[in-house]
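The next block holds one structure in the form of structure tokens; read it before the comments.
The sequence lines fix the lettering, A, B, ..., with proteins before strands; numbering per chain opens at 1.
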Amino acid sequence: MKLKSAIAYEEKWAEKWAEAKIFEADPKPGKPKIFICVPYSYQNAPLHVGHGFTYTRGDAYARFKRMQGYNVLFPWAWHWTGEAVAGTCERLKRGDQSVRKMLVEIDGVPEELLDKFTDPVFVTRYYTEENRETVKAMGLSIDWRREFHTTDLHPYYSKFIEWQYITLKNKGYITKGRHPVVWCPRCKSPTGDHDRLAGEGVSPEEYTLVYFKFGDAYLAAATLRPETIFGVTNIWINPNHEYVLIRADGKKLIVSEQAAYKLKNQIKVEILKKIPADELIGKFAETPLTGKHIPIFPADLVDPDFGSGVVYSVPAHAPYDYAGIIALKNNQERIRKYQLKELVESIKPISIIRVPGYGEFPAVEEVERLGITSDTDPRLEEATKTIYSKEFHEGVLKDNCGEYSGKTVSEARDLVKEKLIEMGLGGVMWELPEKVICRCGTETIVKIVEDQWFLKYSDPEWKEKVKEHIKNMNIYPEEARRWFLNVVDWLRDWACARKTGLGTKLPWDPDWIVETLSDSTIYPALYTISKYLNLGIIKPDQLNIDVLNYIYLGAGDPEKISSQSGIKEEILKQMREEFLYWYPVDMRISAKELVPNHLTFYIFHHVAIFEPRHWPRGIGVNGMLKIEGEKMSKSKGNFIPLKKAIEIYGADATRATLLLAAEDLDDPDWRDKNAREARNMLDVLIRICRDVVSANSNDYTRVDEWLLSTLQRKMKKITSAMEKLKTRTAFNEALYGLYNDWKWYIRRTGGRLGKAAEKFLEEWVKILAPFIPFTAEECWSMLGKSGFVSLEKWPEPREELINEDAELREDLLKNLMEDIRSITEVYGKPPKKIVIYVSSKKKRELLGKAIELKSLESKAALGNLIKWMIAEKLADKKKAPTLAKLMVDTLASLTSKYKEKTLLNVAENELEFYEESREFLEREFNANVEIYSEDQENIYDPRNKASTALPLRPGIYIE
RNA sequence: GCGGGGGUAGCCAAGCCUGGUCAAAGGCGCAGGACUGAGGCUCCUGUCCCGUAGGGGUUCGUGGGUUCAAAUCCCACCCCCCGCACCA
């Protein structure tokens, strides 16, 4: 199971770290701590590069904080809770070939183990073993003494969950209720998205049943728009199907046969007798609320398989209904059969909703516009959607709607529904908007699960507390905060227990298992004490309610709890202390898909159970990984296990690729090309170390000053990016930013390394350590350093090494080179001779003057500068405007970065600096370089370029 | 539908909050050159258009607006991605 990294030295360092136990964290009183964690992953598959992204960010942050001197706890665990593994095992047992194929080809499971993969416990254990190796190979700086997995298969995890749920129940956060699910009648279980052949993403919708009095019974019509009851003109039923009389909801109802069967799964239903459609058609029923008597008509638009099989007709606002009227009028045979001629003629649409953009009868308009004459025309679907959405958002009920007149459609909808139910003239029916077919081939229905346990996330007080806390947390990036607040607002009660799969039983109702997202909320607290159990200091059985209440809530008397539980009082107190030391979690890092569920639940549960001082302090959210621009999925065949990436590119190259891909909420994109490039860069780093070690560096030049100065600036930038979890910015600067500085330095010195080189490299390696720790360790040892770079002090910028003059000089040199290049490029031929003219001493005053004028009145500065130049005889009337403009532009590009004093300083010694750089320039351009001051005697100036010299912007002549 | 994020040069991706210093960082790709026995690696240069002197022109989803000045601010529109509960 051991995996082999593509980078030879990685395994060595992983072993050394483990031997030295450098990531094991124990409380150190007085030393500031940081508790960092990432959500544990479900053990039904190998970890993939997407996991790797979040993990690497977490690890980089952990390593950064550790180097900054914090006592960092970064623990690990595995999620076994859930139903997915059991589902896969079932399918494998049934001989599903696609499962076999996926396991072998994508997940890399050895064929000979497949027989054992019918056992969920074996599967989760198998992946845990495999993934542990992957996490270790990735170089994550974990304290492995605290590891655990979930479910009652673990000796103490369920003790913890039982404590959590008893606590929640005692506090009133758990309730019992009913709950609609998509249900497969054959499998006798809920049909989740991944268990479907058709209907992905479809969830139950709530329809209102409206009861129309018919003799001593009621026709129950299902609708999404109960407010349209005021515009009803007739009822539709399907003439070719049987209806049934049922006893339900305390009365007799008439629905289609199929509907009766569906309703059975939702409410108590007793079927009394069959009623042929013919017995209903042509008769009248009474509309609730209005008391109007309306006729019952036949229509093909009615699908007895959908809803209740009874539809009430609102031709003014429902295109299907208007089309139904037209179709019926045109169907002479039916009219004759049921003798409906006059009745149908008398039907007139009743307008009840005012909506901008339409007249009296929106449905009539749409149907006529499209020229629809059949009530089964597929275009009716589109027309219905258009009007539904328009009326819902902009519609207002007219004066003929009783007490609802003047209300918006969206308001009236719920009010009418509630009123009908209250009066006993309405009910609820759940229905699927599209067919959902279970993987077993059976069509599913909506079932109401009774006695379902809920977490009461709807509780307003609970919500309020959570929101208040979210406002005070550190959330990166900031945009995520708004999202969290929104999720809290919209969160409803959560069905927190299941009947199947792995997990922990509800302590008060062992028929139920705590569901996967509900047993994974406060477990970071378990990390603070799991060490004691894993090391055998206490036994799992001793972890009873009182013990946990004491450790986590400080409740009870330790002496009594000690004698009751058999845990030494000293140990008990130590565990309490350890919890108090590490908690709260300072930073939890996760992908954004967990914002609407896990991360929000995580806050909810902490708020419910712990003291405010132990509520989560920070959350970092990141995007979701794509592969070569596409969503990663096993079915697409672009699934990349993390293990594989390590084997191909090595852990550090994988880490680098991931870190450079994105930050904040942006989705990172894994590209093979980038991974290979990252791999290259690591070699470059190693080579640089080798070169520096073998060089003897003595000189200390101005370029050395520059190198150290720019390093200090980069340190500042990288540090502040890391503090905000901007790992991409930080690593990009650390890797490429500093690399470019290094290249410039080598170029400037012509490869003769100065004193700064070694110092720079030393700091550079430290800065790289959180991101590519293996390579950093390797470099560190190559540099002859002892100990681990992982434990070195994070470099702090030293103000005294910042040298603005040196930085400006290098910038001027780069500008000069760019200008020379720009000229030669236009010229078309490489230069033979380059002449540089530095401005005269007198002209240097221009700089001071320009600065002065600019700060006084920026708008008039240019004009005044021109006048001043002419007055001071620095240029004639022809040239002064051009030069002045240039001066101002040059200044503008430099003032944002440099102090005025620096500009003046450097301008003072410009000539000297270019002289020093002559050799470099000659090398760069392979040409003779001459440097003059413009006011020097006997200068070589065939094209009169000396006069174009300005301070900080020399004149150039090229041959 | 509700909510969140986004549309920048051949590609990926910074910049946008705090308007000018932006033809717009960095990486990839491509072209030329150096190095090499050769290739790879590495290094240098170029990579919107025009230009025999450091210049000019047109660009940052579309259309308007604010401003002396907009990739950056405001309005409208178009398009893309993600989440929405029994998958974790």
Nearest-neighbour nucleotide for the [X] side chain, [options] considered:
X	options	result
A/R687	B/G5, B/C41, B/A88	B/C41
A/W490	B/C81, B/G4, B/C2	B/C2
A/P596	B/A88, B/G83, B/G4	B/G83
A/H79	B/G27, B/A85, B/A88	B/A88
A/V684	B/G6, B/U42, B/C44	B/U42
A/R492	B/G4, B/C44, B/A85	B/A85

Practice prompt. Encode nucleotides 10-25 of chain B as B, S and - characters from 5' to 3', where the letter depends on protein heavy atoms closer than 4.0 Å: B to the base, S only to sugar-phosphate, - to neither.
Written response: --SSS------B---B

Discussion item. Counting primed atoms plus P, OP1 and OP2 as sugar-phosphate and everything else as base, spell out the protein contacts along nucleotides 45-55 of chain B at 4.0 Å heavy-atom distance: B, S or - for each nucleotide, 5' to 3'.
Written reply: SS----BSBBS

Could you measure between the two [atom1] atoms, the one in [N] and the one in [M], and give it in whole Å?
N	M	atom1	answer
B/A24	B/U42	C1'	28 Å
B/A13	B/C60	C1'	13 Å
B/G56	B/U66	C1'	28 Å
B/U36	B/C12	C1'	32 Å
B/U8	B/G54	P	33 Å
B/G7	B/G65	P	24 Å
B/C81	B/C75	C1'	25 Å
B/A23	B/G57	P	11 Å

Worksheet entry | Pairwise side-chain hydrogen bond (donor to acceptor under 3.5 Å, both in side chains) hits with a residue in residues 947-959 of chain A, at least two apart | A/K879-A/S947, A/Y940-A/E959, A/Y957-A/E959

Worksheet item: Would you say a side-chain N or O of A/S203 is under 4.0 Å from OP1 or OP2 of B/A85?
Response: yes

Considering every strand and a 4.0 Å limit on heavy-atom distances, what is the contact class for [X]: base, sugar-phosphate, or nothing?
X	value
A/E593	nothing
A/W494	base
A/K592	nothing
A/N926	nothing
A/A495	base

Please state how far atom [atom1] in [X] lies from atom [atom2] in [N], giving the value in whole angstrom units.
X	N	atom1	atom2	result
A/L491	B/G3	CG	P	16 Å
A/W670	B/C28	CH2	C1'	15 Å
A/N597	B/C84	CG	C1'	10 Å
A/K631	B/C81	NZ	P	11 Å
A/L594	B/C82	CG	P	16 Å
A/E478	B/G5	CD	P	11 Å
A/K634	B/C87	NZ	P	16 Å
A/N680	B/G27	CG	C1'	13 Å

Discussion item. Please compare A/L517 and A/M624 by the position of their nearest nucleotide in RNA chain B and report the one closer to 5'.
Written reply: A/M624

Worksheet item: Hey, which of these two, A/N740 or A/F454, hits RNA chain B nearer its 5' end, going by closest nucleotide?
Response: A/N740

Who are the salt bridge (charged side-chain N to carboxylate O under 4.0 Å, His left out) partners of [X], not counting sequence neighbours?
X	result
A/K673	none
A/D451	none
A/K885	A/D889

Worksheet item: Per the side-chain hydrogen bond (donor to acceptor under 3.5 Å, both in side chains) rule, which among A/D519, A/T128, A/T151 passes with A/W80?
Response: A/T128

Can you list everything that forms a side-chain contact (heavy atoms from CB on, under 4.5 Å) with [X]? Sequence neighbours excluded, please.
X	answer
A/R752	A/E919
A/Y388	A/L224, A/R225, A/R413
A/K832	none
A/A946	A/Y837, A/E934, A/I939, A/D941

For [N], the Watson-Crick or wobble partner whose two distances fall under 3.5 Å:
N	result
B/G63	B/C75
B/C68	B/G20
B/A85	none
B/A31	B/U45

Worksheet item: Is A/K899 atom NZ crowded by more than 12 heavy atoms from other residues, nucleotides or ligands, each under 6.0 Å away?
Response: no

Worksheet, complete the sentence: The single option from A/W78, A/Y40, A/F601 that satisfies ring-ring contact (aromatic ring centres under 6.0 Å, His included) with A/Y523 is A/Y40

Worksheet item: Ion pair present between A/R671 and A/D669, side-chain N to carboxylate O less than 4.0 angstrom?
Response: yes

Discussion item. Any residue in residues 42-51 of chain A with a heavy atom nearer than 4.0 angstrom to RNA chain B? Just list them by number, or reply none.
Written reply: A/Y42

Show me the donor-acceptor pairs, under 3.5 Å and distance only, between side chains in residues 482-489 of chain A and residues at least two apart or in other chains.
unit_1	atom_1	unit_2	atom_2	d
A/N486	OD1	A/W490	NE1	3.4
A/D489	OD1	A/K467	NZ	2.7

Worksheet item: Taking the six-membered ring of A/W494 as reference, does the NZ or CZ atom of A/K456 fall below 6.0 Å from its centre and within a 45° cone about the axis?
Response: no

Worksheet item: Yes or no on side-chain hydrogen bond (donor to acceptor under 3.5 Å, both in side chains) for A/S458 and A/D493, after CA distance, side-chain angles and deciding distance?
Response: CA-CA 5 Å; A/S458 64; A/D493 289 347; 2.7 Å; yes

